[in-house]
Amino acid sequence: MSLIEARGLAKRFGSETVLHGVNLSVERGEIVTIVGPNGSGKSTLLRMLAGVLQPDSGVVVHAKGLKIGYVPQKLALEASLPMTVRRFLDVPKRVSEADAQAALARVGVAALAKRSLEGLSGGQMQRVLLARALMVQPDVLMLDEPTQGLDQQGQADFYRLIEELRAEIGCAVLMVSHELHVVMSASDRVICLNGHICCEGTPEIVRNAPEYRRLFGTGTQGALALYRHEHDHVHDESCAHEHEESH
Amino acid sequence: MLNDFLVRAGLAGLGVSLAAGALGPFVVWRRMAYFGDAMAHAAILGVALSLGFEISIFVGVFFAALLVAALFLTLTRRAQTSDSALGVIAHSALAFGLVAVAMSAGPRVNVESYLFGDILTVSRGDLALIWSVAAVVAAWLVWRWQALVTWVLSPDLAETSGYNTRAEELGLILALALVVAVGIKAVGALLITALLIIPAASARPHVKTPEAMIALSLGFGALAAVAGLQGALWLDTPAGPSIVCAAALAFAASTLFAKLRGR
C-alpha cells in the first residue's frame, strides 16, 4: 500500500482555482520532488498531502499510522515565544536527551542545543527543523522549499544529507522546490506542477518532457542550462564536484 | 481567617493574578492583547445581562465574553488580525453595556465597581469561584500543554502532529472568558487585560523556554497581587488599580534589569 495516495485533488482560494485534477501517490522509501513555477500550487499540494489543508474536492489517504516528519518552509517565529533548540525538539512530544543529542549530531548541529532559535542562521535553522522532524521516526519526511536562502554549496550539502537520511532510516521524502538542477538529480521521481500535474517520472524523463521544457525552458534559461550542463558534459572540470554529488 | 475581608481580598487577588499569569503568555504569543481587551469590555454588557435576567454576574460575563469572541472570529476568519474590527466590537460592547446597566438597574448600581473591580467586598462564594477557575485553567494547561505550545509555534506543525488547532484555539478562548469573568471582581473590566499581559511581558527577557516563561509570569502575577494590595492599604488607594500599578512597576524593574544584563 502507498504511504500517501491522493485522488482528484482540487483547491480554490476565493474564485481562483489553484489546483485541479491532481492524482499522485508516494511509496515507501522514495524521494519525490514537486517542482513548478511560483504560484503553481506546490506548497498548497504539499500541505494538502500533509493533511494541514483540506482539499475542496478529492481525497488524501494516509497509510494507517503514518508518521509525518514535517519541515515547514520557515518558522514564523514569534519573538515573544522563548524556545531553545533542545526544547524545540520536544515539539510535539518530549524526547529523551540521548535521542535529541543523536538527532542534532546527525544533522551536524550538535553544538547548538542550548541556543535560542531566534539567533540561528538560515542553514542552522533548516538543520534544526530537520532534526525535529526526525524525532518522530517518520515514514515520510515532508519538506517545503527546504533550501530557500541557502547558497549553492549549502543546498547541495542539505540535499546530500536528505539522501543519506533516506538510506539510513528508509523514510520516503516528499519535497517541494524550485531549485531544479540540484533537486532533480537527488530524486527518484519528479512531479512537474502548474495547477495540475504537467508531467512526472524520473528526472531524465521529466527533463526531456516537452511540458517541462515549456514550463522552465523559457524565462528560466539559466536553471535549465545549468541542469543539462552538469549531466551532459561529464568532462567539464568546473562542474566535476557537483557532478559527483549527483550520482 | 476567611472572615477577615483583607485576607479574602488577598486570596482573591492572588487567585485571579495566578490564573491570568498562567494564561498571559499565550495571549502574548498569539498577539491577543486587544482580543482580550474586547472580551473584557464585553464584560460590562455581561453585567447588564446578569442584572436584567437576574443570573450570577459570573455567568453573564462569561457568556458575554464568549459572544464577543464568536463575533470577532466570524468577522475576521480570513484575516490574521483586525485592529478595527476589534476596536468596533470592544468599544461598542462597552458602550452598550454601560447603557444597558443604567437602563436595567438605574443609578442604584455602582458601575465603577465593575470597571475597576471591588476586591475588598469579595465573598467566600467569590473566592471559591476564583480558585475553581484558577484550578480549571491550570488543569487545562497541563493537559493540553504540548498541543498548545506546538500550535503557538506553528499551526502547520500542530496539524501534522495530529492536533486540532481549532480545538486548541477554542480552549484558549474559553479559558480567557473564564479568567475575564472572575477578574471583573478583582481588578475590573478595564484592567484585567493588564494582568494577562504585564506579568508575561515582564517574564520574557529572562527565560529561554515556554515553561520557564509561564513559571516566571506566575511569579510576577503573584508579586503584583500581594504588593498591590499592600500598597493600597498603606496609601489608601483603590485596590484594583494598585495591583496593576505594582505589575507595571515590576515590569519596569524587569526591563531595566534585563537591559543591564545585556539581554
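Note on naming: letters A, B, ... go to the chains in the order of the sequence lines (proteins, then strands), and numbering restarts at 1 for each one. The structure presented is a predicted model; accordingly, all values stated were derived computationally and were not measured. The figures that follow rest on heavy atoms only: side chains count, while hydrogens, waters and symmetry mates do not.
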Checklist entry - Can any side-chain N or O of B/Lys208 pair as donor or acceptor with the backbone N or O of A/Lys114 at less than 3.5 Å? => result yes
Checklist entry - Do you know which of B/Ser161, B/Pro210, B/Ala212 has the most heavy-atom pairs under 4.5 Å to chain A? => result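 So the answer, after comparing B/Ser161, B/Pro210, B/Ala212, is B/Pro210.
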Item to check | Side chain, backbone, both or neither of A/Pro92 within contact of chain B (heavy atoms, under 4.5 Å) | outcome: both
Next on the checklist: Which atoms of A/Ala133 are under 4.5 Å from chain B, going by heavy atoms: the side chain, the backbone, both sets, or neither?
Outcome noted: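 It is neither, since no heavy atom gets under 4.5 Å.
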Next on the checklist: To check you understand the geometry: which heavy-atom pair defines the closest contact between B/Leu153 and A/Met83, and what is its length?
Outcome noted: CD1-CE, 4.1 Å
Item to check | Closest non-hydrogen atom pair, A/Arg132 against B/Leu157 | outcome: NH2-CD2, 3.0 Å
Counting only heavy atoms not in [X], do more than 12 sit closer than 6.0 Å to its [atom1] atom?
X        : atom1 : answer
A/Glu16  : CD    : no
A/Gln137 : CD    : no
B/Trp145 : CH2   : yes

Checklist outcome for this item: Those residues at least two apart in sequence (or on a different chain) that pass side-chain hydrogen bond (donor to acceptor under 3.5 Å, both in side chains) with B/Gln146 are none
Next on the checklist: Quick check on side-chain contact (heavy atoms from CB on, under 4.5 Å): which of A/Leu129, A/Leu75, A/Leu77, A/Val91 does B/Ser154 satisfy it with?
Outcome noted: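 Only one option passes, and that is A/Leu75.
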Checklist entry - Among B/Val28, B/Val152, B/Val27, which residue meets the side-chain contact (heavy atoms from CB on, under 4.5 Å) test with A/Ser80? => result B/Val28
Item to check | Winner by heavy-atom pair count (cut-off under 4.5 Å) against chain B, out of A/Lys93, A/Lys67, A/Arg94, A/Met142 | outcome: A/Arg94
Item to check | Heavy-atom pairs under 4.5 Å with chain B, option from A/Val136, A/Ile68, A/Thr84 with the top count | outcome: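 Sorted descending by pairs with chain B, the first entry is A/Thr84.
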Item to check | Point-to-point distance, once rounded to the nearest 0.5 Å, from CG of B/Asp156 to CD of A/Gln73 | outcome: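 Result: 10.0 Å between the selected atoms.
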Checklist outcome for this item: Rounded to the nearest 0.5 angstrom, the CG-OG1 distance for A/Asp90 and B/Thr209 is 10.0 Å
Checklist entry - Which residues in residues 45-66 of chain A have any heavy atom lying under 4.5 Å from a heavy atom of chain B? => result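 Under the 4.5 Å heavy-atom cut-off, A/Arg47, A/Ala50, A/Gly51, A/Val52 qualify.
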